[in-house]
Asker: 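The structure is given below, and queries will be raised subsequently.
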Amino acid sequence: MIDLTLSLIGITILFVIFIALRSVFSLKVCALCGAVSVAWLTLIVFFYAGDEINPVLIGLLMGGSIVGGMYLLEQKLPAKYQLFKLPYFLTLVSVAYFILTKKIITEAVFVLLLVWFSFSLIYLGGRAEKLKFVGRKIIECCKNW
């Protein structure tokens, strides 16, 4: 059984490996993000192979990768696309849930489509003053707290 202690040791080893790889090959990847991603991907393989792995542990690690991806998007995307943080986050949380439960929930997919559609309308309707105001408030949310 792979437990929390073994996972922590594994992530630490992977972190050191990624640090070394960054130095040797000039990799442009965060060592922590790489270590956590490889850890939960490995745990998913064992989980699907039937090994006894607590899905809560996998979910926590997946959540860390989701938040890391949010930070990456925040740094790399132009400000006008920051509007899509909520739909992006909800989509990745749903994908993680679907992977762990091995089932897709139709109502959740509908909600995701509705959220993406609504935020796309706000984005595309940016010329309309009220929609522009709403879009600005959403983008500023994470900057001014």
Side-chain angles (χ1 to χ4, degrees), residues 1-19 21-22 27-145:
M1 178 180 157
I2 299 174
D3 63 359
L4 177 61
T5 304
L6 187 57
S7 296
L8 296 177
I9 292 168
I11 291 169
T12 302
I13 292 168
L14 287 167
F15 179 81
V16 171
I17 290 170
F18 271 98
I19 291 288
L21 290 174
R22 283 175 47 101
L27 285 179
K28 301 250 187 232
V29 64
C30 167
L32 180 59
C33 295
V36 170
S37 296
V38 168
W40 69 257
L41 285 167
T42 303
L43 291 173
I44 285 285
V45 169
F46 286 121
F47 179 69
Y48 272 93
D51 288 359
E52 189 178 329
I53 299 178
N54 188 337
V56 171
L57 175 60
I58 301 171
L60 288 168
L61 296 174
M62 291 173 97
S65 290
I66 292 169
V67 172
M70 297 286 297
Y71 284 129
L72 182 65
L73 280 180
E74 190 173 55
Q75 292 173 358
K76 301 291 181 183
L77 287 179
K80 65 182 180 179
Y81 297 117
Q82 302 297 323
L83 175 70
F84 293 101
K85 282 182 183 178
L86 178 66
Y88 173 75
F89 177 79
L90 294 177
T91 300
L92 291 180
V93 166
S94 297
V95 168
Y97 182 86
F98 299 154
I99 289 170
L100 290 171
T101 62
K102 304 176 186 176
K103 61 183 175 182
I104 295 176
I105 300 170
T106 307
E107 295 86 358
V109 173
F110 177 75
V111 169
L112 287 174
L113 291 173
L114 188 61
V115 169
W116 275 103
F117 178 76
S118 300
F119 278 69
S120 295
L121 281 180
I122 293 169
Y123 177 79
L124 295 172
R127 291 185 190 101
E129 208 48 48
K130 286 186 179 184
L131 289 177
K132 191 182 237 180
F133 174 78
V134 170
R136 254 194 327 269
K137 287 297 180 188
I138 292 170
I139 291 170
E140 291 172 2
C141 170
C142 293
K143 292 181 181 179
N144 300 320
W145 56 276

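Position 1 is the first residue of the sequence; numbering continues from there.
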Asker: Name all pairs fulfilling the side chain to side chain donor-acceptor pair (under 3.5 Å) condition that reach into residues 35-58, sequence neighbours left out, sorted by first residue then second.
Answerer: S37-S65, W40-S65

Asker: Does F98, at its CZ atom, have more than 12 non-hydrogen atoms belonging to other residues, nucleotides or ligands within less than 6.0 Å?
Answerer: yes

Asker: Quick one: CZ on R22 to CD1 on I17, what's the gap to the nearest 0.5 Å?
Answerer: 15.0 Å

Asker: With rounding to the nearest 0.5 Å, note down the distance linking CG in L43 to CG in L6.
Answerer: 8.5 Å

Asker: Distance check, rounded to the nearest 0.5 Å: I2 atom CD1 versus I9 atom CD1?
Answerer: 12.0 Å

Asker: Quick one: does F117's side chain get under 4.5 Å of L113's, heavy atoms only?
Answerer: no

Asker: Ignoring hydrogens, what is the shortest heavy-atom contact between L100 and G59? Give both atom names and the distance.
Answerer: CD1-CA, 3.7 Å

Asker: Taking the six-membered ring for Trp, are F119 and F84 parallel (under 30°), tilted (30 to 60°) or perpendicular (over 60°)?
Answerer: tilted

Asker: Please report the interatomic distance CD1(I104) to CD1(I99), rounded to the nearest 0.5 Å.
Answerer: 10.0 Å

Asker: Any sub-3.5 Å donor-acceptor pair from E74's side-chain atoms to Q82's backbone N or O?
Answerer: no

Asker: Using 0.5 Å steps for rounding, measure from the OG1 atom of T91 to the CZ atom of F89.
Answerer: 10.5 Å

Asker: What heavy-atom pair brings V29 and F18 nearest, and what distance separates the two atoms?
Answerer: CG1-CD2, 4.0 Å

Asker: Are more than 12 heavy atoms, taken from residues, nucleotides or ligands other than K102, located less than 6.0 Å from that residue's NZ atom?
Answerer: yes

Asker: For a 4.5 angstrom cut-off between non-hydrogen side-chain atoms, does I11 reach V38?
Answerer: no

Asker: If you round to the nearest 0.5 Å, how far is SG of C33 from OH of Y71?
Answerer: 11.0 Å

